[in-house]
Amino acid sequence: MNVTKHLLSLLLFVACFTSVNAQHPLQRKADKYFGTFSYAKAIPLYEEMVTEGIDPEHAQKRLAECYLLQRDYEKSIPYFERFIHKSGISSNHYFKYGMALKSVGREKEAAEWLKLYKKTNKNDKLIDRFLKDGNLASVVFNSRERYDIQPVKYNSQFNDFGAIKYGNTIYFSSSRPDSKDERLYDWDNQPWLDIFFIEEGGAFERMTEYIPQRIKGDINSKYHESSVVFSTDYKNDTIAYFTRNNYFEDKEGFYVKKIKDKNLVQKQNNLKIFIAEKNGEEWYVAKNLKINADHYSTGHPSVNENRTKLYFASDRPGGYGGTDIYYCDIHPRGGVGQPINAGPIINTAGDEMFPFINNEGKLFFASDGHVGFGMLDIFATITDENGEVTDVINLGKPVNSEKDDFAFFSNEDGTEGYISSNRDGGKGGDDIYKFDFTPSLYVDGFVYDAVNGNPLDSVVVKLTDINTGNFIKQVKTDGRGYYRMFVNRGSKYKLVLNRITHPEKKVTLNLTNLPNKQKKVQKDVYLEPVLDVKILAGLDKIYFDFDKSYIRPDAAKELDKVVKLMVETYPYMTIKLESHTDGVGSHEYNDKLSEARAKATYEYLVANGVPAERILSYKGYGKRQPVNDCKTRWDCPPEILELNRRSEFPIINIFKPDHLKALDPTTPDKKSKTK
């Protein structure tokens, strides 16, 4: 990154980071804030998830990390304690928990958890790295691999960096030569920087050799231009901020600054931010911002989503180091206010450059002053509930390397973007790399009744390891029959589902070879109901008065459940009706009594809406089919004896209509199921 570091360590650029969409509205919002480092905003949403029972284990893990990354270790520890002892917990949580304990002085406990972590991660350097730089936030963040990085096809043998995407067009800076202008920049003997563009997926990109074009208009000059970013003005017209150096040609052919201060050294290279406006397909320079000066650099602009603040890098006097990050207000008519230093948490004695503000107001920048992997690394800020910066995070490998890494940019949904680097293996000096962001993966779906197709609430969905059989986590379906849980890529699981009304069903979940951009796996499941009216209807005992067969009010309440089951829930169900007595009395007496009770039950069901043809028969069996050995009232306690006094409803048919069979093709057609 030779030319880059000379021009404010070069014209470094933008970073944007957004999160994983989720299905449940509350979790979608919480995960979005978490993914953009808005932990203060995420915390109350995850707390609400815990209260409402919306994937509480996921919410507890995220709360533990949110407080950990905010350095509020006391609040993080109780959330760790809710899940840390469960089986199937990732060993990374052992490390994070150990670090939290260590940070509050619980050294002995911390050592035990760190020892447990090292046992399964013998070659991992996380602990050593933490002890070296002390930045727990960066270590925790980097315990998750997130990016797959590849060089873009339009890199050249010259310097290419700072790619951004605006609409369907990719803009970047390059020192690749113009055939009409063979001038070289004397710092590194490369041509001068210009801003180029290429249409993503367009004619240029489909060609074997990519042919980027210079941006149209007068933004590009015979000197350096770089770091373009797009915004709007007060009329809502699109404008561009970009960086240009302040060289001018003298009589001897040198490029020197036109400055009046005779004490300043000539031939220095400083930067300024300009605004360009679009006319048709071309861009024209409109103004030089008043925050610029001839005797120091101001460059690498970034504008927040609401167009209220302009961020930039500058080596102006009064900073903390070489170049610092500054910001200023953008007035309603487009003017800018006084520069404000972003402060000592962001700025160091080294160089901080390439600021970028994402749509959540999070700042990303490149720095060689914070502890990193090499020279320039890419960092992001952490803020509290008031929006104040509390810490910075190193984005880790492979975003950062042992060389210079800068100009981070991602699209709005965070699934892909660009960085720039002079790491080994590149094509030129600085090269552009495209990254694919691997979001968190979750499995979700709906659970239905396989007979009527209705969604089933309160189904317990357990996740187990398919190889070991170990339980990992479980959730329950909500009122819509919906469930959701986070899972690990590359793993194989079994989903084990059951409900009191539906027998256990196991479903294989193979998460190997999934595309990196895939955020979820949908797995809808159909459960066959148990063939037991008592369970399906949730019946309590149906009582009759002694020596009586009429339907009592409490018995009517229970029989109404059977009516609902047969009329609404399973409208094709066919049953038999059986009535039984205890062993007290003669066969003749009990046969007659049970027959009368069976008939009364039948007549009640039919009178309340059950088609008569759906009750194939009703019969009293007296005391001939006891469920225990209680033959007289002296054989056993009353509560055991009365178990024989019962009504039963054997299911003969739970017909499955053709249009519902198609919903679950894996379930065989069972037109007749007899108990």
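Residues: numbered from 1 along the sequence shown. Note that the structure is a prediction, hence the values are computed from the model and not measured.
- For the atom pair CZ of Phe196 and CD of Gln213, the computed distance is 9.0 Å after rounding to the nearest 0.5 Å.
- Looking at Thr323, Asp368, Asp315, Asp324 one by one, the single match for side chain to side chain contact (heavy atoms under 4.5 Å, CB included) with Met353 turns out to be Thr323.
- Of all the heavy atoms in Tyr326 and Ser314, the pair that sits closest is CE1-O, 3.7 Å.
- A distance-only check finds no donor-acceptor pair linking the side chain of Asn386 to the backbone of Glu388 [under 3.5 Å].
- A salt bridge links Lys272 to Asp294: at least one charged side-chain nitrogen sits closer than 4.0 Å to a carboxylate oxygen.
- Asp218 places a side-chain N or O within donor-acceptor distance of the main-chain N or O of Val285, the cut-off being under 3.5 Å.
- A distance of 10.5 Å separates OG of Ser221 from CG of Leu193, quoted to the nearest 0.5 Å.
- The aromatic rings of Tyr171 and Phe197 lie tilted to each other, with the angle between the two planes from 30° to 60°.
- In this structure, Arg333 is positioned above the aromatic face of Tyr234, its NZ or CZ under 6.0 Å from the six-membered ring centre and within 45° of the axis.
- When the side-chain hydrogen bond (donor to acceptor under 3.5 Å, both in side chains) test is applied to Asp384, no partner is found at least two apart in sequence or on another chain.
- Nearest approach of Cys66 to Tyr39, heavy atoms of both residues: SG-CD2, 3.7 Å.
- Of the listed residues (Lys153, Lys427, Arg176), just one forms a salt bridge (charged side-chain N to carboxylate O under 4.0 Å, His left out) with Asp160, and that residue is Arg176.
- In this structure, Phe379 and Ile393 have side chains that are not in contact, with every pair of non-hydrogen atoms separated by 4.5 Å or more.
- Here the OG1-CD1 distance, from Thr348 to Ile325, works out to 10.0 Å after rounding to the nearest 0.5 Å.
- Proximity of Ser420 to Asp430: side-chain heavy atoms (C-beta onward) are nowhere separated by under 4.5 Å.
- A centroid separation of less than 6.0 Å is found between the aromatic rings of Phe230 and Trp283.
- Remark: the backbone N or O of Leu376 is paired with a side-chain donor or acceptor of Asp404 at under 3.5 angstrom.
- Test Phe80, Tyr117, Trp113 against Tyr94 for ring-ring contact (aromatic ring centres under 6.0 Å, His included) and you get one pass: Trp113.
- Of the possible polar contacts, none joining the Lys165 side chain to the Gly417 backbone as a donor-acceptor pair under 3.5 Å is found.
- Here the closest heavy-atom approach between residue Ala276 and residue Phe242 is recorded as CB-CE2, 4.0 Å.
- Contact of the Tyr320 side chain with the Asn341 side chain is registered, since non-hydrogen atoms from C-beta on lie closer than 4.5 Å.
- Using modelled atom types, no side-chain atom of Asp431 and backbone atom of Asn155 make a donor-acceptor pair closer than 3.5 Å.
- Taking the side chain as every heavy atom from C-beta outward, Leu289 and Tyr241 approach each other to under 4.5 Å.
- Rounding to the nearest 0.5 Å gives a distance of 5.5 Å between CD of Glu109 and CG of Leu101.
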Worked check of side-chain contact (heavy atoms from CB on, under 4.5 Å) between Lys41 and Lys29:
CA-CA 9 Å; Lys41 293 181 180 179; Lys29 192 172 183 180; over 6 Å; no

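- Across Asp405 and Ser421, no two heavy atoms sit closer than the pair OD1-OG, 2.7 Å.
- Pairing each heavy atom of Val336 with each of Lys290, the nearest pair is O-CE, 2.7 Å.
- By the 6.0 Å contact criterion, NZ on Lys216 is open, its count of non-hydrogen atoms from other residues, nucleotides or ligands being 12 or less.
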Please assess Leu114 against Phe95 for the test side-chain contact (heavy atoms from CB on, under 4.5 Å), listing each intermediate value before the final yes or no.
CA-CA 6 Å; Leu114 295 177; Phe95 172 78; 3.8 Å; yes

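- In this structure the side chain of Val392 reaches within 4.5 angstrom of the side chain of Phe365, judged on heavy atoms.
- Under the 3.5 Å distance criterion, the side-chain polar atoms of Ser175 are left unmatched by any main-chain donor or acceptor of Phe158.
- The backbone N or O of Ile195 lies less than 3.5 Å from a partner atom in the side chain of Asn220, making a donor-acceptor pair.
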Verdict with reasoning, Phe312 to Cys328, per side-chain contact (heavy atoms from CB on, under 4.5 Å):
CA-CA 9 Å; Phe312 57 92; Cys328 59; 4.0 Å; yes

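- Using a 4.5 Å cut-off on side-chain heavy atoms (C-beta onward), Tyr33 and Arg62 make no contact.
- Looking at Asp391, its side chain never comes within 3.5 Å of a backbone N or O of Ile382 through a donor-acceptor pair.
- Between Arg316 and Thr298, the closest side-chain pair of non-hydrogen atoms falls below 4.5 Å.
- Here the CD1 atom belonging to Ile273 is positioned 9.0 Å from the OG atom belonging to Ser227, to the nearest 0.5 angstrom.
- Using a distance-only test at 3.5 Å, with no hydrogens or angles considered, no donor-acceptor pair links the side chain of His300 to the main chain of Tyr311.
- Under the ring-ring contact (aromatic ring centres under 6.0 Å, His included) test applied with Phe172, the options Tyr154, Tyr418, Tyr433 reduce to a single match, Tyr154.
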Determine whether Leu63 and Phe34 satisfy the following criterion, side-chain contact (heavy atoms from CB on, under 4.5 Å), listing intermediate values before the conclusion.
CA-CA 10 Å; Leu63 282 165; Phe34 184 89; over 6 Å; no

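- Counting only heavy atoms from C-beta outward, the side chains of Lys75 and Ile43 never approach each other to under 4.5 Å.
- For the atom pair CG (Leu310) and CD1 (Ile291), the distance works out to 5.0 Å, reported to the nearest 0.5 Å.
- Considering all non-hydrogen atoms of both residues, Val303 and Ser231 come closest at CG1-OG, 3.7 Å.
- Here Asp424 pairs with Lys403 in a salt bridge; the nearest charged N to carboxylate O distance falls below 4.0 Å.
- Listed for the Asn245 side chain is a donor-acceptor partner under 3.5 Å among the backbone atoms of His224.
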